Structures are given as C-alpha cells and as structure tokens.
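Not measured: the values here are computed from a predicted model.
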Amino acid sequence: MVVRGRGLILNITSDAAVSAYPRWGAYSVSKAALEHLTRIWASEFEGSGVRLLTVDPGDMDTRMHRDALPDADPATLAKPEDVAARILALVEARDTAPGQRFEAARWEAA
C-alpha cells in the first residue's frame, strides 16, 4: 500500500476496548491493542496515502451478541447489513483523519 501510495486498513473494534466488562478480559484487551496499533500505524504511515480507520459497530443482532447477552431485545439492536452499509459509506467518504475511531451509536469520530 505504501509503495502504491494508497490503501485502507479498516479495523473493527468494540466498546469493550474502552469499557470494563467482567469476563471479557481477553476480548477487551485484544480490541484495545488493535485500537492502539491503528494509532501507531496512522502515525507511521502519515503522508503515505494509506488510510486507517477503526469502527465500533455497536450492538448488533448477531449470534455473538445473542450468546453474550441472551436477554437483550433484538428489536433494539442494529441489523448487520445496515451497519455494513454505514461502514461502506465511511470507507467511501475518504475525508477521514488518519487513525480515526468511529462509534456506530453516533457515527462520528470518537
């Protein structure tokens, strides 16, 4: 990507990267590390044409969410296909700052 002068690294994260959830240690620390790595790479790739984005899609109606929180009301959860469309819009926007983190709840930079 650096040689071509363009590219995108899109990382999917979770609020577990910034909030403490009991029994979610391994998942949470991996997401926190992913977010920090994204910030490091954004610094390293600055001016190269390589874009880096981190997206927290929020609570979605997925099997993982149902397994983790079986009592959650599916009607309050985002549909994965809707979230995917919003992520695609972010990717296509091309006016995001390097290493930006987006949260689905607000779909703005966090």
Side-chain angles (χ1 to χ4, degrees):
M1 286 188 263
V2 172
V3 170
R4 286 192 320 240
R6 62 178 165 46
L8 170 69
I9 298 172
L10 173 67
N11 292 317
I12 305 298
T13 190
S14 164
D15 64 336
V18 294
S19 298
Y21 296 119
R23 297 176 304 281
W24 283 61
Y27 180 82
S28 296
V29 75
S30 68
K31 292 299 185 178
L34 178 68
E35 289 192 21
H36 193 61
L37 180 61
T38 302
R39 290 188 297 273
I40 291 168
W41 281 350
S43 176
E44 291 177 357
F45 296 149
E46 187 174 355
S48 71
V50 177
R51 296 170 49 220
L52 292 103
L53 299 175
T54 301
V55 177
D56 173 357
D59 294 336
M60 293 189 294
D61 187 14
T62 63
R63 181 177 179 178
M64 179 181 162
H65 194 279
R66 286 188 297 275
D67 288 347
L69 301 166
D71 295 332
D73 179 1
T76 65
L77 305 174
K79 294 185 181 341
E81 57 272 20
D82 294 340
V83 172
R86 296 185 82 179
I87 292 172
L88 183 58
L90 281 175
V91 167
E92 292 175 341
R94 297 190 181 272
D95 62 351
T96 55
Q100 251 180 311
R101 183 186 198 278
F102 291 86
E103 293 181 7
R106 296 188 311 264
W107 284 102
E108 59 189 39

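Connection of L10 to L90 is established within a shared hydrophobic cluster, with ILVMFWY side chains joined at heavy-atom distances below 4.5 Å, either directly or through further cluster members.
Using a cut-off of 4.0 Å between Lys/Arg side-chain N and Asp/Glu carboxylate O, D82 and R86 are scored as not salt-bridged. Using a 4.0 Å cut-off between charged side-chain N and carboxylate O, D56 and K31 make no salt bridge.
For the pair I9/V50, a side-chain contact is recorded, criterion being any heavy-atom separation below 4.5 Å from C-beta on. Side-chain contact between F102 and I87: absent, with no pair of heavy atoms (C-beta onward) separated by less than 4.5 Å. Side-chain atoms of T54 and L34, non-hydrogen and from C-beta on, never get closer than 4.5 Å to each other. Side-chain contact check for L8 versus R51: some heavy-atom pair is nearer than 4.5 Å. Using a 4.5 Å heavy-atom threshold, the side chains of M60 and V83 count as touching. You'll find the side chain of L88 reaches within 4.5 Å of the side chain of E92, heavy atoms only.
Within 6.0 Å of CZ in R4 there are more than 12 heavy atoms belonging to other residues, nucleotides or ligands. Crowding of E46 atom CD: a count of heavy atoms from other residues, nucleotides or ligands under 6.0 Å not exceeding 12.
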>> Apply side chain to side chain donor-acceptor pair (under 3.5 Å) to residues T13 and E35 and explain how you reach the verdict.
In response: CA-CA 7 Å; T13 190; E35 289 192 21; 2.6 Å; yes
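Put simply, the side chain of S28 gets close to the backbone of A16: a donor and an acceptor are under 3.5 Å apart. A donor-acceptor distance shorter than 3.5 angstrom exists from the side chain of T62 to the backbone of H65, with no hydrogens or angles considered. Within the 3.5 Å criterion, the main-chain N or O of D73 finds a donor-acceptor partner in the side chain of T76.
With sequence neighbours left out, Y27 forms a side chain to side chain donor-acceptor pair (under 3.5 Å) with no residue at all.
Nearest heavy atom pair, residue A72 against residue P74, reads O-CD, 3.2 Å.
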